Amino acid sequence: HYHNSSSETDLCKNDIIFSSSINDMIDVIFSFSLINYPVILEGPSGCGKSSAFLYVAKYLGAKIIQISISSSTTVEDLFGRFEPNPESKNIQFEFKPTSFLKAIDNKRNNGEKYWILIEELNLASPSVIDSLEPIFNSQSNHITLPDGSFIQRGNFFIVGLLSKPLQKQSITNAALY
């Protein structure tokens with residue numbers, strides 16, 4: 001029995017070849033998304049890690065936040081920064097959260113579930129890895145932000161992708177790796 005909805009038609013257009021490794025990744029992503037358990041997938045570039053994530057996310061109609069890490073990615077790039085408020089007469093700075101922070105924070109995400117994909121985690125600086133560690137720890141209801149403040153864990157599913165092993169292993173201890 002087949003429905004022809006626009007999302008299914010879009011899925012058929014995905015250039016994804018359902019090899020056994022892709023099917024395994026799809027199974028892992030789907031299964032762990034049901035319980036919001038963080039996943040870290042490691043494999044060579046181009047082996048289908050992102051495609052498998054995006055396939056399942058689109059199939060389930062998830063709201064996706066996709067972040068590609070580089071060696072120059074900062075903690076502020078992930079969470080937000082203080083910026084001058086152009087409307088204030090005096091110079092006032094206000095915190096501008098990123099879409100990533102809005103997705104992981106229960107107070108900012110309007111109760112919606114987000115799927116977060118962090119690509120090239122192996123390129124992250126030690127400070128970025130440290131800042132992501134609490135997000136990959138599903139055991140805690142609160143997340144400590146880099147500035148030391150706490151937020152209540154929002155409703156999100158996070159997957160980190162590695163093209164080579166991490167030097168700092170602590171982040172992989174909390175997630176399915």
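Quick caveat: nothing in here was measured; it's all calculated off a predicted structure. As a basis for the values below, the full set of heavy atoms in this structure was taken, side chains included, without hydrogen atoms, waters or symmetry mates.
Smallest separation of non-hydrogen atoms from S68 and T73: O-OG1, 4.2 Å. Nearest heavy atoms, G154 versus N109: CA-ND2, 3.6 Å. Between P84 and F93, the shortest heavy-atom contact is N-CD2, 3.5 Å. T98 and E76 get closest at one heavy-atom pair: CG2-O, 4.1 Å. A pairwise comparison of heavy atoms in G43 and K49 identifies O-NZ, 2.8 Å as the closest pair.
Linking Ile, Leu, Val, Met, Phe, Trp and Tyr residues whenever their side-chain heavy atoms come within less than 4.5 Å places M25 and I64 in a single cluster. The same ILVMFWY cluster, assembled from side-chain heavy atoms under 4.5 Å apart, contains both F82 and L78. In the hydrophobic clustering of ILVMFWY residues, with side-chain heavy atoms under 4.5 Å counting as a link, F95 and I104 come out together.
Distance CG/N155 to CG/D105: 12.5 Å, rounded to 0.5 Å. Atoms OG and CG, from S163 and L123 in turn, are 6.0 Å apart once rounded to the nearest 0.5 Å. Atom CD1 of I116 and atom CG of L132 lie 9.5 Å apart (nearest 0.5 Å). Interatomic distance, CD1 of I65 versus CD1 of I118, reported as 9.5 Å (0.5 Å rounding).
A salt bridge does not link K96 with E83: every distance from a Lys NZ or Arg NE/NH1/NH2 to an Asp or Glu carboxylate oxygen is 4.0 Å or more.
Counting heavy atoms from C-beta outward, Q152 and K107 have side chains that stay 4.5 Å or more apart. For the pair F79/L145, a side-chain contact is recorded, criterion being any heavy-atom separation below 4.5 Å from C-beta on. F136 has its side chain within reach of L121: a pair of non-hydrogen atoms, C-beta onward, lies under 4.5 Å apart. Residues V56 and F53 have side chains not in contact (no heavy-atom distance under 4.5 Å, counting atoms from C-beta outward). With a 4.5 Å cut-off on side-chain heavy atoms, I151 and L101 count as touching.
Panel note: side chain R153, backbone I135; a donor-acceptor pair is recorded below 3.5 Å. Side-chain atoms of N122 never come within 3.5 Å of backbone atoms of L162 as a donor-acceptor pair (strictly under, hydrogens ignored). Put simply, the side chain of K113 never gets that close to the backbone of K63: no donor and acceptor are under 3.5 Å apart.
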Can N106 and N141 be said to form a side chain to side chain contact (heavy atoms under 4.5 Å, CB included), step by step? CA-CA 10 Å; N106 200 40; N141 287 331; over 6 Å; no
Run the side chain to side chain contact (heavy atoms under 4.5 Å, CB included) check on Y55 and I26 step by step: do they pass? CA-CA 8 Å; Y55 177 83; I26 287 172; 3.8 Å; yes
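Around the CD1 atom of I35, the shell of radius 6.0 Å holds more than 12 heavy atoms that belong to other residues, nucleotides or ligands.
If you check the side chains of E120 and S70, you find no donor sitting under 3.5 Å from an acceptor. A donor atom on one side chain and an acceptor atom on the other are found under 3.5 Å apart for T74 and D77. For the residue pair N85 / E94, a side-chain donor-acceptor distance below 3.5 Å is found, with atom types taken as modelled.
A side chain to side chain contact (heavy atoms under 4.5 Å, CB included) with F157 is found for one member of N36, L60, L117 and no other, namely N36.
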